[in-house]
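Below, chains carry the letters A, B, ... as their sequence lines are ordered, and counting in each starts from 1.
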Amino acid sequence: VADHVRKQLRSAVTAAVTGLATTGARVHESRIYPINSALPCLLVYASDESAEGVMLDESADQRTIEVRIEGLAQAAEGTVDEILDQIAKEVEIALAAPVVIGAFQTNLSYTGATMSMRDDLAKPVGSVALSFEAVLFTSAPDVIIGA
Amino acid sequence: VAFVEDPTVFLNAEEHGTAAVFDGATDVVGIFGNEYGESAIAEVPISGSVPTFYTWAAWVPSPEGKALSVNSVGYAIVRSEPDGTGFTTLILEAT
């Protein structure tokens, strides 16, 4: 039995952003526990989804799924934002290419980013949250029929 | 209320205090803390330590940006948080 399409998309995106120069293999899918010293890293979430029926095929849905990727870094003041910008650049380049989900390829649309920094640990920490959208056509929650 | 007692009675490296070097040259004593902390900056928090040094404010004048060495580990003083009695908590950043 295939996974829900959100899970399929999330895993495909995780694979696409694993091994980037700055974050390497430190990529966490749907992580909920605190991150310790393994920084910089990426967190991958498939958060929001909207769906509507397809006009010519009542059994099909067009799903728009938001994928959010958070890059986290910890470094001296003045360099955190530079690392976050580098992370954003690498992720955006990686996801500019189509993402492979089973027999399909889907393009992710970049919809924006939010950056924040704090100083409440021994070294400043920062995050950049990148948002993307993917559109998938499904005949069931786990069956993709088009992208 | 200002503290009028001798602060060295309360900050003693041979008892419950920790010796440190302020600004590369001045020996000071304080209470060093480095407890667990979290920064709620992302979907999940980043965990780490929160180094602080509680000391007599007059021993560490204009501390922001200066160095503090504690147990041979170097820190930069990010800010000072006076408690109004003459003592202050120095917020440290690992260097």
For A/V135, is there any backbone N or O sitting under 3.5 Å from a side-chain donor or acceptor partner on A/T64? no
Structural part of A/A122 lying under 4.5 Å from a heavy atom of chain B: both
Does any heavy atom of chain A fall under 4.5 Å from the side chain of B/I41, the backbone, both, or neither of them? both
Indicate, with yes or no, if the rings of B/F53 and B/F22 have centres closer together than 6.0 Å. no
Looking at chain A, which one of B/A42, B/P51, B/G48 has the largest number of heavy-atom pairs inside 4.5 Å, strictly under? B/A42
Carefully, step by step, assess A/T22 and A/Q86 under the rule side-chain hydrogen bond (donor to acceptor under 3.5 Å, both in side chains). CA-CA 8 Å; A/T22 301; A/Q86 180 63 28; 4.5 Å; no
Quick one: do the B/S39 and A/D120 side chains pair a donor with an acceptor below 3.5 Å? yes
At a heavy-atom separation under 4.5 Å, does A/Y45 approach chain B through its side chain, its backbone, both, or neither? side chain
Quick one: does A/R26's side chain have a donor or acceptor within less than 3.5 Å of a partner on A/P40's backbone? yes
Identify which part of B/T95 has an atom lying under 4.5 Å from any heavy atom of chain A, answering side chain, backbone, both or neither. backbone
Between A/L72, A/L39, A/T114, which has the largest tally of heavy atom pairs under 4.5 Å with chain B? A/L72
When heavy-atom pairs shorter than 4.5 Å are enumerated against chain B, which of A/R118, A/M117, A/H28 gives the highest number? A/R118
Heavy-atom distance under 4.5 Å to chain B: side chain of A/L121, backbone, both or neither? both
Salt-bridge contact A/D119-B/R79 (side-chain N to carboxylate O under 4.0 Å): yes
